[in-house]
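These figures come from a predicted structure and were not determined experimentally. All chains are named by letter (A, B, ...) in the order of the sequence lines, taking the proteins before the strands, and each is independently numbered beginning at 1.
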There are 2 protein chains.
Amino acid sequence: MAVSRRASDRAYQTLRDEIVEWELRPGSVLGEVEQSTRLGVSRTPLREALTRLMADGLVSSQSGRGLVVTDLSLASIREIFEVRQALEEQAARLAARRGDTAVFQQLEIEFAAVNELLEHDDPVRHAYYGLVARLDDAIDTAVGNSYLAAALATLRTHLVRVRRLAVDDPARLSAAAAEHLLIVQAIAARDAELAAHATQVHLHQALRNIQKMAHLQTGLQADLLNRASSTSSALPKGT
Amino acid sequence: MAVSRRASDRAYQTLRDEIVEWELRPGSVLGEVEQSTRLGVSRTPLREALTRLMADGLVSSQSGRGLVVTDLSLASIREIFEVRQALEEQAARLAARRGDTAVFQQLEIEFAAVNELLEHDDPVRHAYYGLVARLDDAIDTAVGNSYLAAALATLRTHLVRVRRLAVDDPARLSAAAAEHLLIVQAIAARDAELAAHATQVHLHQALRNIQKMAHLQTGLQADLLNRASSTSSALPKGT
DNA sequence: AACACCGGCTATGTATACAGAATATGCATG
DNA sequence: CATGCATATTCTGTATACATAGCCGGTGTT
């Protein structure tokens, strides 16, 4: 289970992780032979991985001149959040109607105690984001809609890419936890409309926080250029 | 432009059309060698086509035992409509805010005269569904959100598959046109909330109509079994 | 000096060959 | 007669070889 037995899956996950973690920056050209030799797989499974990445919207064919990692501008983030508002509001509403109350009551307890969890936490906030991921899973399970779950899954991939841009502001994390708590309480109380509204509030604040930080950084482009150390090639180690 | 020059695109479009048109029924096993010989392409581009179909949710790997065309039960249709409600409401709302008024005023005129169009129409309602498709395009253009457009595009593929199940009831088509007219009017008037509500009404009625017809047919499974003449093989023409 | 054309090269797109795994079937044994 | 094991067949997964097309560089001509 450490590594998928299929080479195409390994190539897909590796490239996806590298794009999400900004090791492969937007605009990087992903040549087939170049990446296949780097990842130690043949061109055939690599092409399958690239096809899946294209379907995810993480790479796109730049006018036939090879595949490039898609850009993630502030406008793109706004677009992602417009879709996210629609899907997560629906998910919260349906989870409130159909969810197992006990599951969300348990999550309610954990989110209420999230400030303690934030005090002695990882530098990468592993425990916090793990809790959020468990909430997402609980909502997906409660909704029981595979189409909605699939749409949210691809969306969350893009959101992790966004998250790597915005530095974890402790004050924002605490506020976000309070917003999550309200969502969980509403679902546990089977209040569908409150769950929907609380989700809208949370997403509004999350987007607002990102926009504020982007403004402080005078544009996201400057920030992402300072992050990755690779020059322009997809290979970090030069020849 | 009649056919894509790439064999993988041709294989993808052909298989996608055949699945949507119920020529390949749910549960059909898509063997690689079988389909590659049938479509006259090699296994490599066919595999790429199958990967894209998996991403679309039209086929799924049945426990490693080969790829099969996904089922489309009444429960699946309800799930699709739950996603559709969320996405199309958002799309209508944003289109009302950002759309070019003149475009939707033109569509308003055409939808107002749709009863004449329905009188002398194709048996497949080509002109009617073409008008609906133009409305979809106009909304996508007005929204200007590539993520939302992509999500709606895959969703519409599934909806065409649903449409092929429900017989075109003239009364329902007329009522649907009236609902569409209200949506277009709301967008042209830049009334975002009315556009959102009118979309919800339309989708509610559309799903209700499908469920009603499914009930009359005593389940969709019986119907789809009567439609396609192929037995269980993916090859309509026997050897 | 600039533009156009030709040639080579590198990239993708496709086909085919090979290996490994899984399943089905048949035979033997209890 | 049933069940388990072994074997064969067929499938997917992977690699590599080949063709074609687009791009870049060079050279010749105006």
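In this structure, B/Arg10 atom CZ and C/dG13 atom P are separated by 14 Å, rounded to whole Å. For the pair B/Arg43 CZ and D/dT10 C1', the interatomic distance rounds to 11 Å; values are reported in whole Å. Rounding to whole angstrom units, CD of residue B/Glu34 and C1' of D/dT10 are separated by 13 Å. One atom, CG of B/Leu39, and another, C1' of C/dT14, lie 15 Å apart when rounded to the nearest Å. Whole-Å rounding puts the A/Leu67 CG to C/dT12 P distance at 8 Å. Here D/dG13 presents its P atom at 10 Å from CE of B/Met54, a figure rounded to the nearest Å.
Taking the side chain of B/Arg6 as heavy atoms from C-beta on, and the options C/dC18, C/dA15, C/dT14, the nearest nucleotide is C/dT14. For B/Glu32, the listed nucleotide lying nearest its side chain is D/dT12; candidates were D/dT14, C/dT14, D/dT12. Listed candidates were C/dT14, C/dA11, C/dT16. Nearest to the side chain of B/Ser42 is C/dT16.
Across all their heavy atoms, B/Phe81 and B/Ala206 have their closest contact at CE2-CB, 4.0 Å. Of all heavy-atom pairs spanning A/Gly99 and A/Ala142, the tightest one is CA-CB, 3.5 Å.
DNA chain C lies under 4.0 Å from at least one heavy atom of each of the following residues of residues 44-53 of chain B: B/Thr44, B/Pro45.
A/Arg161 and A/Thr70 form a side-chain donor-acceptor contact under 3.5 Å, judged by distance and modelled atom types alone. In the model, A/Asp17 has no side-chain atom that pairs as donor or acceptor with a side-chain atom of A/Tyr12 under 3.5 Å.
Each of A/Arg16, A/Arg164, A/Arg163 was scored for a salt bridge (Lys or Arg N to Asp or Glu O under 4.0 Å) with A/Glu21, with one residue passing: A/Arg164.
Counting only residues at least two apart or on different chains, the salt bridge (Lys or Arg N to Asp or Glu O under 4.0 Å) pairs with a member in residues 72-83 of chain A are A/Glu82-B/Arg98.
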